[in-house]
Amino acid sequence: MIGAVKLRPGGSLLQQIPNDPRHLEALLDFYAGAGVDCFLQDEPVDWVALTRAQAAQRALAGQHAVAPTHAQQPRQQAPAGNFQGQTGSPVPAAPVAPQTISVPPAVAGQAPVLPDREIIAAARDLAATAPTLEELRNCLGGFDGCNLKLTAKKLVFADGNPQAKLMFVGEAPGRDEDLQGLPFVGRSGQLLDRMLGAIGLDRSSAYIANVVPWRPPGNRTPTPQETEICKPFILRQIELVNPDVLVFLGAASAKTLLGVQDGIRKMRGRWMTYPCKGREISAIATYHPAYLLRSPLEKRLSWRDFLAIKQKLAEKGVQSPSDCMVSCNHPDVSSFSRPRQAGCSKRSGKSFFFRSKVTLR
């Protein structure tokens with residue numbers, strides 16, 4: 001019992017809504033904390049019982065296939081009082097009819113796909129046929145090989161300028177991204193915008209995408225199978241954008257696309273190469289904005305990473321629109337500790353990077 005909520009067996013979620021607004025708010029906070037933040041069906045589905053019933057049905061079908069004559073033997077009438085241990089002919093047990101399993105219509109219409117090598121090969125072949133980013137988006141929209149599509153609301157493909165020389169790659173979208181269909185639009189996205197503004201850039205001068213374009217239920221980490229299925233599409237997406245600088249937001253995207261096993265603390269701030277179309281793209285990993293919201297003290301390291309990104313873009317001939325941001329003339333950007341240079345305004349890029357602290361509830 002939660003407030004005025006009676007948890008009835010087999011009852012729908014609508015029957016569990018309390019009447020008191022305070023109890024309703026507490027219930028919603030409980031569901032949000034447990035990762036339940038969206039409705040999938042009107043009635044609950046006991047997947048454990050459904051799986052057990054399917055296994056029992058398969059086992060029963062296998063028994064009938066091995067001994068089909070048992071069901072054809074005539075039944076013998078047992079004499080009265082004939083129990084086990086007494087004389088008389090034993091009575092064969094009557095065959096049990098297979099149970100009929102009722103599957104909800106929503107589940108029956110969209111059956112989950114078992115991830116295997118064929119699905120991954122199909123994703124690779126489908127991604128290779130896309131000549132443009134728009135065609136690649138259409139291919140992803142019609143691809144049914146990833147089960148995350150069954151629970152996600154929208155496809156989160158990309159945001160920003162496809163002609164940009166700077167590309168960011170995250171792991172997977174969250175709740176706000178799933179609702180709007182754009183990557184990094186929640187609190188972590190707002191922090192990413194401030195991080196770009198700190199080096200004189202914005203979303204019009206960058207291209208942002210994720211390895212997995214569908215939101216995992218409850219913001220859980222994508223499974224290795226889900227990542228492998230979606231990997232051919234992000235590989236093709238990077239090929240079509242063909243950036244000069246590739247930034248991995250978090251260790252998950254770097255491990256998936258570069259094949260490295262180092263943690264983000266050891267990996268961040270170190271320039272690597274990403275092979276693409278016969279050339280090598282300068283790549284770097286930095287902390288995910290969501291991690292920075294939980295650990296604000298790590299912003300100082302991300303500030304160094306973004307200064308290194310700005311310097312690398314300048315080396316490749318890409319100038320930031322703003323001329324009032326911090327110049328990066330220090331030979332070792334990883335040890336850069338002074339955010340202000342001579343001639344800069346008091347409101348430097350670093351102060352803009354660290355202002356407006358966001359706290360999690």
Side-chain angles (χ1 to χ4, degrees), residues 132-134 136-137 140 154-215 233-234 236-250 252-254 257 274 281-293 299 302-303 305-314 316-326 328 347-358:
T132 62
L133 290 173
E134 187 64 26
L136 183 63
R137 181 189 183 97
L140 266 173
K154 290 184 179 180
L155 170 68
V156 182
F157 184 68
D159 191 20
N161 183 8
Q163 305 299 326
K165 298 301 181 181
L166 174 63
M167 181 175 180
F168 292 90
V169 180
E171 181 181 16
R175 177 181 179 274
D176 296 326
E177 291 77 10
D178 187 35
L179 293 176
Q180 300 187 32
L182 295 174
F184 290 92
V185 293
R187 286 181 295 178
S188 61
Q190 296 172 7
L191 179 57
L192 179 60
D193 291 339
R194 295 199 299 271
M195 294 162 70
L196 287 172
I199 58 174
L201 302 176
D202 54 20
R203 294 208 175 205
S204 64
S205 53
Y207 188 79
I208 308 173
N210 284 307
V211 175
V212 178
W214 293 286
R215 179 204 178 193
F233 296 101
I234 186 61
R236 182 57 178 165
Q237 198 169 0
I238 296 175
E239 289 181 359
L240 294 175
V241 176
N242 195 22
D244 289 338
V245 177
L246 185 62
V247 181
F248 300 105
L249 298 175
S253 57
L257 299 179
Y274 176 84
I281 299 177
S282 300
I284 190 173
T286 187
Y287 289 122
H288 196 283
Y291 172 76
L292 296 178
L293 291 175
K299 290 182 180 180
S302 294
W303 167 245
D305 297 340
F306 270 71
L307 286 179
I309 293 171
K310 181 179 180 180
Q311 185 182 30
K312 182 64 68 172
L313 289 174
K316 296 182 178 295
V318 181
Q319 299 293 335
S320 61
S322 176
D323 296 332
C324 298
M325 294 299 168
V326 179
C328 186
R347 186 178 178 180
S348 62
K350 189 173 182 180
S351 64
F352 181 77
F353 184 86
F354 279 90
R355 72 182 182 89
S356 175
K357 184 182 296 184
V358 180

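Only this structure's heavy atoms are used, side chains among them; waters, hydrogens and symmetry mates stay out. Numbers here are sequence positions counted from 1. Fair warning: this is a prediction, and the values are worked out from it, not measured in the lab.
- Remark: aromatic rings of Phe184 and His288 are close, center separation under 6.0 Å.
- In this structure, CZ on Arg137 lies 9.5 Å from CD on Gln237, to the nearest 0.5 angstrom.
- To the nearest 0.5 angstrom, Ile281 atom CD1 is 9.0 Å from Lys316 atom NZ.
- Looking only at side-chain heavy atoms (C-beta outward), Gln180 and Lys154 stay at 4.5 Å or farther from each other.
- Leu313 has its side chain out of reach of Ile199: every pair of non-hydrogen atoms, C-beta onward, lies at least 4.5 Å apart.
- No side-chain donor-acceptor contact under 3.5 Å links Asn210 to the backbone of Val212.
- Between Tyr274 and Val169, every side-chain heavy-atom pair lies at or beyond the 4.5 Å cut-off.
- Between Tyr291 atom OH and Thr286 atom OG1 the span is 11.0 Å, to the nearest 0.5 Å.
- Considering only heavy atoms from C-beta on, Arg203 comes within 4.5 Å of Asp159 through its side chain.
- The side-chain heavy atoms of Ile284 and Val247, taken from C-beta on, include a pair separated by under 4.5 Å.
- For Pro289 against Leu191, the heavy-atom pair with the smallest separation is O-CD2, 3.6 Å.
- With contacts defined as side-chain heavy-atom distances shorter than 4.5 Å, the pair Leu155/Trp214 qualifies.
- Annotation for Ala290 and Ser188: closest pair N-CB, 3.7 Å, computed over non-hydrogen atoms.
- Taking CG of Leu249 as the reference point, atom CE of Met195 lies at 7.0 Å (rounded to 0.5 Å).
- Contact annotation: the side chain of Val211 never approaches that of Glu171 to less than 4.5 Å [non-hydrogen atoms, C-beta and beyond].
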Requested in this report: List the steps, then state whether side chain to side chain contact (heavy atoms under 4.5 Å, CB included) holds for Phe157 with Leu136.
Outcome: CA-CA 9 Å; Phe157 184 68; Leu136 183 63; 4.1 Å; yes
Query raised in the report: Does the side chain to side chain contact (heavy atoms under 4.5 Å, CB included) test come out yes or no for Leu201 and Ile309, once each step is laid out?
Result: CA-CA 11 Å; Leu201 302 176; Ile309 293 171; 5.7 Å; no
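- To the nearest 0.5 Å, atom CZ of residue Arg215 and atom CG of residue Leu179 are 7.5 Å apart.
- For the pair Lys165 and Pro243, the tightest heavy-atom approach, listed with the atom from each and the gap, is O-CB, 3.6 Å.
- Among all heavy-atom pairs drawn from Pro183 and Ile208, the shortest one is CG-O, 3.6 Å.
- The distance from atom OG of Ser282 to atom CG of Asp244, rounded to the nearest 0.5 Å, is 8.0 Å.
- The shortest heavy-atom contact between Ala164 and Tyr207 is CB-N, 4.1 Å.
- Using a 4.0 Å cut-off between charged side-chain N and carboxylate O, Arg236 and Glu239 make a salt bridge.
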